[in-house]
Structure formats: C-alpha cells, structure tokens
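Each remark here refers to the structure printed beneath this line.
As a basis for the values below, the full set of heavy atoms in this structure was taken, side chains included, without hydrogen atoms, waters or symmetry mates. Since this is a predicted model, take the numbers as computed values, not measurements. To find a chain, count down the sequence lines: A is the first, B the second, and so on, and within it residues start at 1.
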2 protein chains.
Amino acid sequence: MYSLAEENYLKTIYHLEQESKTGVSTNAIAERMETKPSSVTDMVQKLADKKMISYKKYKGSTLTVHGKKMAANVIRKHRLWEVFLVDKLKFHWDEVHEIAEQLEHIQSEELIVRLDKYLGNPDFDPHGDPIPDKDGKVKSTEKKLLSELNKKQRGVCIGVKETGSEFLQYLDKRNITIGTKINVLGKEFFDGSMIIQVGKDQFFISKKIAENLYVQTN
Amino acid sequence: MYSLAEENYLKTIYHLEQESKTGVSTNAIAERMETKPSSVTDMVQKLADKKMISYKKYKGSTLTVHGKKMAANVIRKHRLWEVFLVDKLKFHWDEVHEIAEQLEHIQSEELIVRLDKYLGNPDFDPHGDPIPDKDGKVKSTEKKLLSELNKKQRGVCIGVKETGSEFLQYLDKRNITIGTKINVLGKEFFDGSMIIQVGKDQFFISKKIAENLYVQTN
DNA sequence: CTACATTTTTAGTTTAAACTAAAATTAATT
DNA sequence: AATTAATTTTAGTTTAAACTAAAAATGTAG
C-alpha cells in the first residue's frame, strides 16, 4: 500500500517524463508539485529505496517499470473518475479535475474494474487524454496532419508545417500551441473545413489551416 | 477544512452518542477506533478547541451542534456512496463498507448534491440505515411491532414483547438481537407471515414471531 | 473509608511529510 | 580556468497523529 504523497509524486514524475522524454530534475518536480526541492529530495530517496524510481544524487529521477505501472494506474483512476463525473453526474469537463484528484487515491481494484465497465470501457477522458489500461499501457500515438483526422477524432498539436508569421499569429489568436488538445467536432467533405474544439472554445477552420498543423493521435 | 482523522473521530463519536444516548467515554472511542486511549485524549482536546465537541477532563465528550452537523454530513456521504456502489456498480451490499469508508472523505459539496440527485435522492442506504439530509437531520424514528410493517419496510430490533426462553432462543438462533436490522422482503396478508432479511440471511417468520418483536422505523 | 482496580490524562517518543538554512555539487560566464 | 550562479542535498525543525509508560483521577469492594 502506498501513501497519498507517494502516489502524487509518482504521478508527477510520470507526467514530467512524458513531456521531456528524459529523466526529471528535482527542481522540476518541486515546481510542479508546489513544494520545496529539499522535500522532493527526501521523497525521491524514499521512492528509490522502494524501487519505484531509479535515482542518482544530482542526476534526477526516472520511473522503474514498477513505478511506471503504479503511476499509470493512478492516472487511469483519475481519468475514469473524470468520465464518471462528466458523463453520469453532468459536470462540465473543466470542473472535474480537483475532484478526480481526490478520487484517484481510492484503493479498490474491484471498484475500478466495475467503474470502467459501468462507463462502457472508455478510451479517453473528457479532456481527450487517453486512459491507460489495467496494465498501465497507453495506446501508442501517431503523427498526422490535422486535416487527416475525421469527425470525433482527437489530437494534440505537436508542430506546424507552414511557419509564416500570419499563420503563427492566427494560431496564437486561437490559443493553439504545442501541447494543445484539439477535438474534431465536425468535417465538411466538400471543402475539407472543420469545426474543432480547443479548450472551451469551438470554432470553424479551413482546410488550409488543417493541412499545416501536425497533431499526435492515438 | 477538516482532516481525515478528525472526520473519523467525529463520525465515531456521533455513532456512540446515538447508541448510548449519553456522553461518550474516551475508552469507548479508543475501542471503536482500534486506537489507544491516550491518542483519543489528544484528539478530543483538539476537537474541543475547535468547538466540535464539548469535553471536560475525565468526563467524556459530546458533539456540539456544529460537530454533529459535520459528523452527520460525513455519514450522509458514506451512505450515498454505498447506494452508488450497490445500485449502479452492482456490488453486493455487504462488500461496500470499506470503499465507502474512503469515499466519505472526498471534499466537494457539488459532488454530493449531484450524486444524491443521480441516485434519485435515496432515503436509506443498502443496509437499511437512513441517510441524513443536507442539514444533518435524520428522519425521526418510531417504535412499532414488526408485524405492523409492510413489504419493503425496514426496522431495527429494539426489544421484545414475549420474553419466554423458547422465543429468546429462537431469536438467538436467527441472530436477532437489540440493534439488528430487519428488512421485510415479503408479507402474506392471509396469515400475516413474512419473509425477512437479517444480515446475509433471508428467512420466513410466522405472524406470532412478528407480533412479539419491537422495531424502530423511520 | 480505605485499598485496589479501572479509566483517563500527561509527558515524552516516533513516523511521515513538510519546512528553513546552510553546505555541496554542477552549470554557466567571463 | 576561475568565479559566479543555479541546482541539489544535508542537517536540523515543525506538525499531525499515532505510540508507550507513568501519573492522576475516578469508581468499586470490602
């Protein structure tokens, strides 16, 4: 059994590893968790003793296979609960994070098995993030142009093809940047235009826009 | 905001107060919570400072109006979650206590408002215990003979009319004692016999039995 | 009413997880 | 390469909530 604090550290390290694809620094963890670096050092040493991460002094931390599975499981629970809150209790998708942050720590294998089934074994949470499976595996992602997506598909912006300033300014105005999640709500086959959701906003984009944005899909 | 430990103490004191209708002793709390009396003393002093209970050294504790409301709210959450686990996730009613014990500490007013609505504003949990309302009020109970109940009603055994040893031995065999919860699953109007649920068991009882058992109802 | 038993409290430790301040290491700049 | 800056760790405190052992208060039996 792991403590709430330990689970939160593992989760944070998992997210930071995904973002940077490298070992994560003590300071990065401290900043993300709004705590002090010295506290982080204490905890990573403890997690290293428990073989959840591998850690070398001054060299940062990386999750072990075991730690990664553990972290993915907490994230799985978080995202399943978010689906519950939105689909069943009719919360808005931007109101559920705080509550899921608590629910993710409830300990019961059986509960999650049943919750998953009750929700129809969803693959994504209400923010479009993928839900890891029981073994902690997340469906691998693939790079595409936004224009290749169809209705109801989702992607995360990972780059642009066209780099002219008008285009970049357009993206800026629409709050689209690296890491932005995009849901395709509708697609017109006649001209390739789309209706997409970005954060709380929904708007129309032309084929030309969609052909110049790279997204990562699942 | 109150800590998990504080909420658990308040809940325990609430239950003990209900059972004995008097102030609760430090030892009683310690026993129920499987902790040491000295730990209880520490905590009741803290709760008294916070005006959640009134406490005089060596004289035991009683909840203040504020503390009682707080405790009832934790119990409300516990019981609503139990309904969720049984009605929606199809757990058996004797499997849900441990999980609800964790869920009852999730902090979100709105969550409980919505959960309550989603479950159809239930009045009882799957064990037949009443669910306090938002203001911590529990529907007042009334003393009746078991034979006065109808199908789907519930009662808690509070005494007997007939006191012969055959009758008491019968009750003993059926595991019915003071405090035992009884659900009436079916009633035959022709002869007044009933099918009742007691703990995990379901069985048939005659009108004569039902006319000699007092129960408290809601 | 005294003597013993039980209950309760106090005083002092322990543990997990945070903190501060200072020391050590690594990185960056001139 | 030497010095400064930034990062990270160590050492020592703090807090909440538990614990043990001993002291104090209360309850009970002769």
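When each of Pro37(A) and Ala28(B) is assigned the nucleotide of DNA chain C with its nearest heavy atom, Ala28(B) is the one assigned upstream, toward the 5' end.
Taking the six-membered ring where the residue is Trp, Phe84(B) and Trp81(B) present perpendicular rings, their angle passing 60° and hence far from 30°.
In this model, the phosphate group of dT6(C) is not approached by any side-chain N or O of Asn27(B) to a distance below 4.0 Å at OP1 or OP2. Between dC19(C) and Thr35(A), a contact under 4.0 Å exists linking OP1 or OP2 to a side-chain N or O.
Distance, Lys36(B) NZ to dT8(C) C1': 15 Å, rounded to whole Å. One can place OH of Tyr2(A) at 16 Å from C1' of dA16(C), the figure rounded to the nearest angstrom. Atoms CE (Met1(A)) and P (dA16(C)) sit 16 Å apart, rounded to a whole Å. What separates OH of Tyr55(B) from P of dA25(D) is a distance of 13 Å, to the nearest Å. Straight-line distance from the CD atom of Gln45(B) to the P atom of dA18(D): 14 Å, rounded to whole Å. Following rounding to the nearest Å, Glu7(A) (CD) and dA16(C) (C1') show an atom-to-atom distance of 15 Å. In this structure, Met43(A) places its CE atom 18 Å from P of dT8(D), rounding to the nearest Å. When rounded to the nearest whole Å, the span between CG of Asp42(A) and C1' of dT9(D) equals 9 Å.
When each of dT9(C), dA18(C), dA18(D) is scored by its nearest atom to the side-chain atoms of Ser39(A), the top-ranked nucleotide is dA18(C). For Tyr58(A), counting side-chain heavy atoms from C-beta on, the closest listed nucleotide (dC19(D), dT25(C), dT10(C)) is dT25(C). The nucleotide whose nearest atom lies closest to any side-chain atom of Lys57(B) is, among dA18(C), dT9(C), dT10(D), dT9(C). For Tyr9(B), the listed nucleotide lying nearest its side chain is dA18(D); candidates were dA18(D), dT9(C), dT20(C).
Thr62(A) and Ser54(A) are linked by a side-chain donor-acceptor pair at a separation below 3.5 angstrom, with hydrogens and angles left out of the test.
Only one option out of Val86(B), Leu85(B), Asp87(B) pairs with Val83(B) in a side chain to side chain contact (heavy atoms under 4.5 Å, CB included); it is Asp87(B).
For a distance-only test at 3.5 Å, the side chain of Ser38(A) qualifies as a donor-acceptor partner of the base of dT20(C). Put simply, the side chain of Thr26(A) and the base of dT9(D) share no donor and acceptor less than 3.5 Å apart.
Around the NZ atom of Lys69(A), the shell of radius 6.0 Å holds no more than 12 heavy atoms that belong to other residues, nucleotides or ligands.
Using a 4.0 Å cut-off between charged side-chain N and carboxylate O, Glu104(A) and Lys11(A) make a salt bridge.
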